2 protein chains.
Amino acid sequence: MHKPAKVTIEDVAAAAGVSRQTVSRVINNGPNVKPAVRQRVEAMVEQLGYVPNLSARRMGGARSYLILSINDRARTFENWTSGRGNDWVDQMLYGGMSECERHNYHMVLELIDTDAGTTIPQIARAVGSLRPDGVILTPPHCDNLELVAWLERQGIPCARVGHYEGGNFVDVFMDDEGAMREVTRHLLDLGHRSIGFLAGPLNYGPSQKRRKAFREALAEAGIPPEAGPIGAGNFYFDMAVSVLETMLAAPSPPTAIIADNDKMAFAALHVAADRGLKVPDDLSVISFEDTPGVRFSVPPLTAIRQPTAAMVGKACAQLIALSKGEEGMGAFELPYEFVVRATTKAPRG
Amino acid sequence: MHKPAKVTIEDVAAAAGVSRQTVSRVINNGPNVKPAVRQRVEAMVEQLGYVPNLSARRMGGARSYLILSINDRARTFENWTSGRGNDWVDQMLYGGMSECERHNYHMVLELIDTDAGTTIPQIARAVGSLRPDGVILTPPHCDNLELVAWLERQGIPCARVGHYEGGNFVDVFMDDEGAMREVTRHLLDLGHRSIGFLAGPLNYGPSQKRRKAFREALAEAGIPPEAGPIGAGNFYFDMAVSVLETMLAAPSPPTAIIADNDKMAFAALHVAADRGLKVPDDLSVISFEDTPGVRFSVPPLTAIRQPTAAMVGKACAQLIALSKGEEGMGAFELPYEFVVRATTKAPRG
DNA sequence: CTGAAAGCGCTTACAG
DNA sequence: CTGAAAGCGCTTACAG
């Protein structure tokens with residue numbers, strides 16, 4: 001059976017002996033089609049192998065069936081080229097594509113620079129050419145006020161991953177403060193009385209929340225601020241190393257380190273080895289990320305597993321609902337996991 | 001400056017005082033536009049922030065500026081859910097998106113099942129709705145004759161990653177025979193006189209080539225076939241373990257193992273440890289894949305690094321050229337890398 | 001419940 | 001070198 005290269009709605013209409021609006025109603029599950037007619041049309045769609053052309057639907061005024069997912073360009077490329085894997089993107093695609101599949105949507109990933117002057121023009125290009133039904137913003141783009149305002153002006157529904165505000169957005173996030181409290185308490189319960197936090201950059205929303213929760217948890221336990229140093233990291237290995245060196249050179253250095261991401265946790269492992277500190281015997285380490293490398297590191301890291309796939313999946317679901325004219329805006333919290341592996345233990349002595 | 005939500009070609013034409021065809025010519029770099037007019041139009045495009053609507057361009061008869069990239073659905077999901085990372089997909093996105101970016105193209109990834117009955121309908125849906133300018137097929141889809149024939153009938157340019165034939169396709173691949181020769185010689189040069197090859201399945205094209213090259217390289221060095229055992233693996237850990245057990249139980253067992261992929265190389269490390277063999281002192285191991293896990297394994301594996309990103313990038317480049325009406329079909333070999341790390345050494349004695 | 005009309009924003013021949 | 005016309009394949013009001 002050699003099907004013609006391009007079957008259009010007109011072909012189906014002719015084959016079924018109806019007008020093209022009727023076919024349109026059938027494929028869009030519209031009302032007002034006699035069951036017998038609907039069946040006849042469906043049979044023809046099947047037989048001719050008709051698939052509606054997305055561009056034409058779009059031009060006709062329908063939705064685009066496209067979700068545009070925006071990631072930090074430089075960081076994503078960096079992860080890819082370093083060959084260290086890119087679990088965040090993997091999980092994002094996993095969650096997003098699974099959800100999009102279910103609704104016959106397509107997810108397109110675009111990498112956008114974070115420089116002040118280029119972000120908006122780049123997104124404008126992507127949005128203008130693709131005209132997606134919704135845009136998913138991940139850190140740090142989701143915290144870019146100017147960008148978010150621009151998107152709002154364009155009237156494009158926007159989901160933010162790792163942002164809490166809600167309002168006229170689809171915000172999906174995990175309880176960063178709760179996670180930090182849980183992690184800090186875990187260390188306190190083990191007996192640690194001096195804990196260092198290797199924090200991420202200040203413009204990362206979640207990092208801010210974690211800083212706050214970290215301070216609070218220590219304060220509640222009666223630990224003085226000096227015994228809870230916060231090192232300002234940038235999520236990269238090298239800087240984390242030097243910050244750690246300083247932290248550990250203090251008169252009464254921390255016996256445990258909480259790292260805001262994996263690379264910095266690895267840095268902690270590295271620095272510990274350099275100084276002859278055994279992990280977890282001499283130094284406990286916890287990561288706030290849980291990529292494959294972490295699970296297979298030696299020793300395997302105790303870590304917070306972020307619900308990346310679930311967050312992005314939820315973002316897609318809400319954006320798709322919105323595009324159908326349903327309700328969808330709001331703030332949605334997804335559960336994280338705290339995975340205790342082999343890098344935390346009671347301090348010596 | 002509050003720009004209108006949707007600037008069309010008509011707005012630009014009006015602002016520049018020309019017809020919309022002239023604007024069309026300018027944005028498509030067409031000929032026959034007076035320089036002064038071109039400049040005026042470009043200025044207006046810039047000022048109004050005009051971005052052509054892809055759907056409209058498509059409907060007008062232009063290309064879609066979309067490359068559809070097809071991956072094995074089950075395997076991709078498996079890798080994502082197992083949390084082991086998915087370096088292949090990462091590298092594919094890296095190579096593909098980098099190239100697409102340069103041409104203002106968008107890459108859309110779709111996961112398609114490999115079951116005989118569902119592959120074509122699924123692809124038909126994706127292709128029919130997206131109407132991409134080209135499709136990239138990765139293993140095992142690239143070896144699906146029925147699928148490839150279907151795509152050819154649809155007249156959609158198709159690139160195959162890891163396929164050698166060329167012809168009416170864009171085939172991108174690496175020199176598997178050369179890589180195997182290099183790897184084998186590396187071991188021979190170190191003094192190994194008995195080498196085992198843990199091969200992939202017979203229906204996997206590249207594995208076939210590697211088997212052949214392996215046999216030839218040994219023959220050239222005057223190594224008898226008994227000292228170059230080939231174990232038939234299936235790319236998975238468990239089977240590799242049992243094949244290796246047998247290999248190493250031989251009267252004069254190999255002092256080096258070449259594994260056709262990472263999982264089997266890990267199996268070699270595992271079996272060696274079980275038998276009290278130190279790597280590389282008692283057993284050298286080389287992998288024919290180089291995912292992040294390999295690089296960070298203990299000890300780090302000596303491996304062939306496949307040019308995944310480069311292959312996919314090249315595939316995109318050719319597909320894009322084709323869509324512009326340029327030549328593009330053919331077979332393209334991309335260079336692999338042989339990365340010597342810590343698992344190869346001269347044999348004992 | 002169904003169809004004839006208009007239009008989405010472009011591009012491609014075709015005229016001039 | 002430039003523009004008026006037709007059309008891509010749909011959908012959305014609108015009419016019946």
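So that the names make sense, note that chain A is the first sequence line, chain B the second, and so on, each numbered from 1. Basis for what follows: all heavy atoms, side chains included, without hydrogens, waters or symmetry-related copies. The model shown is predicted, which means the values in this text are computed figures rather than measured ones.
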Item to complete: Would you tell me if any nitrogen or oxygen in the side chain of B:Y65 comes within less than 4.0 Å of OP1 or OP2 on C:dC10?
Response: no

Worksheet item: Would you say a side-chain N or O of A:S24 is under 4.0 Å from OP1 or OP2 of D:dC10?
Response: no

Practice prompt. May I ask which nucleotide in the shown strands pairs with C:dA13, Watson-Crick or G-U wobble, both distances under 3.5 Å?
Written response: none

Item to complete: Would you mind pulling out the nucleotide paired to C:dA4, Watson-Crick or G-U wobble, both distances under 3.5 Å?
Response: none

Practice prompt. Using heavy atoms to find the nearest nucleotide of DNA chain D for B:N32 and B:G61 separately, return the residue whose nucleotide is more 5′.
Written response: B:N32

Worksheet, complete the sentence: By nearest-nucleotide position on DNA chain D, the 5'-leaning member of B:V18 and B:G60 is B:V18

[X] side chain, from C-beta outward: closest of [options]:
X     : options               : result
B:M59 : D:dC10, D:dG9, C:dC10 : D:dG9
A:A56 : D:dT11, D:dG9, C:dG3  : D:dG9
B:T8  : C:dC10, C:dG3, D:dT11 : C:dC10

Worksheet entry | Lys/Arg-Asp/Glu bridge criterion (N-O < 4.0 Å) met for B:R102, B:E99 | yes

Practice prompt. Flag the pair A:E101 and B:R73 as a salt bridge only when some basic side-chain nitrogen lies within less than 4.0 angstrom of an acidic carboxylate oxygen.
Written response: yes

Nucleotide [N], atom [atom2] - distance to [atom1] of [X] in whole Å:
X      : N      : atom1 : atom2 : result
B:K6   : C:dG7  : NZ    : P     : 17 Å
B:R20  : C:dG7  : CZ    : C1'   : 12 Å
B:K324 : C:dT12 : NZ    : C1'   : 19 Å
B:N28  : C:dT12 : CG    : P     : 7 Å
B:R57  : D:dG9  : CZ    : P     : 19 Å
B:R38  : D:dC1  : CZ    : P     : 9 Å
B:Q21  : D:dA4  : CD    : P     : 7 Å
A:N29  : D:dT11 : CG    : P     : 12 Å

Worksheet item: Counting any heavy atom closer than 4.0 Å, what does A:N53 reach on the DNA or RNA strands: base, sugar-phosphate only, or nothing?
Response: sugar-phosphate

Worksheet item: Parallel, tilted or perpendicular for A:F173 and A:Y164, by the 30°/60° rule?
Response: parallel

Item to complete: Scan side-chain atoms only and decide if A:N53 and B:R58 contain a donor-acceptor pair under the 3.5 Å cut-off.
Response: no

Worksheet item: Judged by modelled atom types alone, do B:Y94 and A:N86 share a side-chain donor-acceptor pair under 3.5 Å?
Response: no

Practice prompt. Could you check B:P52 against B:R25 and say which one's nearest nucleotide on DNA chain C is further toward the 5' end?
Written response: B:P52

